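See below for the structure under consideration.
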Amino acid sequence: MERRGEAVSSDPVAAYVRLVRTAEALHAEVSRGLADEGLTASQFSTLKVLRLNGPLAQKDIATYLLKTGGNVTLVVDNLEKAGLVGRERVQGDRRITMVRITPAGEELFDRVYPPHLQRIAVAMSGLGNEDLSSLLALLNELYTTVADPICLPVRDAQVRRAG
């Protein structure tokens, strides 16, 4: 089968490499607008999770973002320095640090999110509705534990799909 003048292979390695390169290119293109606002993609995603879910423990943020605790600590450190989030120790269990978005973080997220969604729409505009549906179906088959678009932790997304 050919598409756009290019032979399509059934080689899983070729498919994987194309998927990763395409995802990285799309991510870089969409994330350029975040960099203009002084945010990394991880910082933006952290603000999104907090804006949509309220205060969370750092370990829960890591679950939402599919990142390690160490990665999230660095991201939260930088967001805190910028005044976009705050941390609080949980009384009775000082091992847990809750992170909350500040009013400045809410304002930034609310301003940056709509243009971010628009950049995604433009980046994906080469595909029609049928192609997008096919792509989503294929990706769901390939990665059945994917969190849904509202950033549910993997375990909650699985329960929601099963229910």
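If you're wondering where the values come from, they're calculated on a predicted model, not measured in any experiment.
Taken to the nearest 0.5 Å, the CG atom of Leu136 stands 11.0 Å off from the CG atom of Asp131. Here the CG-OG1 distance, from Asn78 to Thr40, works out to 8.0 Å after rounding to the nearest 0.5 Å. With rounding to the nearest 0.5 angstrom, the CZ atom of Arg100 is 10.0 Å from the CD atom of Glu106. Ile101 CD1 to Asp110 CG: the interatomic distance, rounded to the nearest 0.5 Å, is 7.5 Å. Leu19 contributes atom CG, which lies 9.5 Å from atom CD of Glu24 (distance to the nearest 0.5 angstrom). Atom CG of Asp77 is separated from atom CD of Gln58 by 7.5 Å, given to the nearest 0.5 angstrom.
Judged by distance alone, the side chain of Thr97 and the main-chain N or O of Arg87 form no donor-acceptor pair under 3.5 Å. With hydrogens and angles ignored, the 3.5 Å screen pairs no side-chain donor or acceptor of Ser45 with any backbone N or O of Ser42. A donor-acceptor pair is defined here as one N or O able to donate and one able to accept, closer than 3.5 Å; no such pair exists between the side chain of Ser31 and the backbone of Leu34.
Minimum heavy-atom separation, Val30 to Ala123: CG2-CB, 3.8 Å. Summarising the geometry of Ala57 relative to Ile96, their closest heavy-atom pair is CB-CG2, 3.8 Å, with the distance given to 0.1 Å.
When the side chains of ILVMFWY residues are joined at heavy-atom separations under 4.5 Å, either directly or via intervening members, Tyr113 and Val49 end up in a single hydrophobic cluster. A continuous path of ILVMFWY side-chain contacts below 4.5 Å connects Ile120 to Leu132, so both sit in one hydrophobic cluster. Criterion: ILVMFWY side-chain heavy atoms under 4.5 Å apart, direct or through other members. Under it, Leu138 and Val17 are not part of a common hydrophobic cluster.
For residues 27-56, the set of pairs meeting the ring-ring contact (aromatic ring centres under 6.0 Å, His included) definition, not counting sequence neighbours, comprises Phe44-Phe109, Phe44-His116. Annotation: ring-ring contact (aromatic ring centres under 6.0 Å, His included) contacts involving residues 74-101, sequence neighbours excluded, are absent.
Within 6.0 Å of the CG atom in Asn129, the count of heavy atoms belonging to other residues, nucleotides or ligands does not exceed 12.
Counting heavy atoms from C-beta on, the side chains of Leu47 and Val85 come closer than 4.5 Å.
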Requested in this report: Go through the steps for Leu39 and Leu108 under the test side chain to side chain contact (heavy atoms under 4.5 Å, CB included), then give the verdict.
Outcome: CA-CA 10 Å; Leu39 292 171; Leu108 178 61; 3.9 Å; yes
Report task. Under the side chain to side chain contact (heavy atoms under 4.5 Å, CB included) rule, what do Leu135 and Met124 come out as? Steps first, then yes or no, please. Result -> CA-CA 11 Å; Leu135 177 60; Met124 300 301 290; 4.0 Å; yes
Requested in this report: Decide side chain to side chain contact (heavy atoms under 4.5 Å, CB included) for Val75 and Asn71; before the verdict, give the C-alpha distance in whole Å, the side-chain angles of both, and the deciding distance to 0.1 Å.
Outcome: CA-CA 6 Å; Val75 169; Asn71 288 349; 5.5 Å; no
Query - Leu65 and Thr46: CA distance, side-chain angles, deciding distance, side chain to side chain contact (heavy atoms under 4.5 Å, CB included) verdict - result: CA-CA 7 Å; Leu65 301 181; Thr46 300; 3.2 Å; yes
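When the salt bridge (Lys or Arg N to Asp or Glu O under 4.0 Å) test is applied to Arg89, no partner is found at least two apart in sequence or on another chain.
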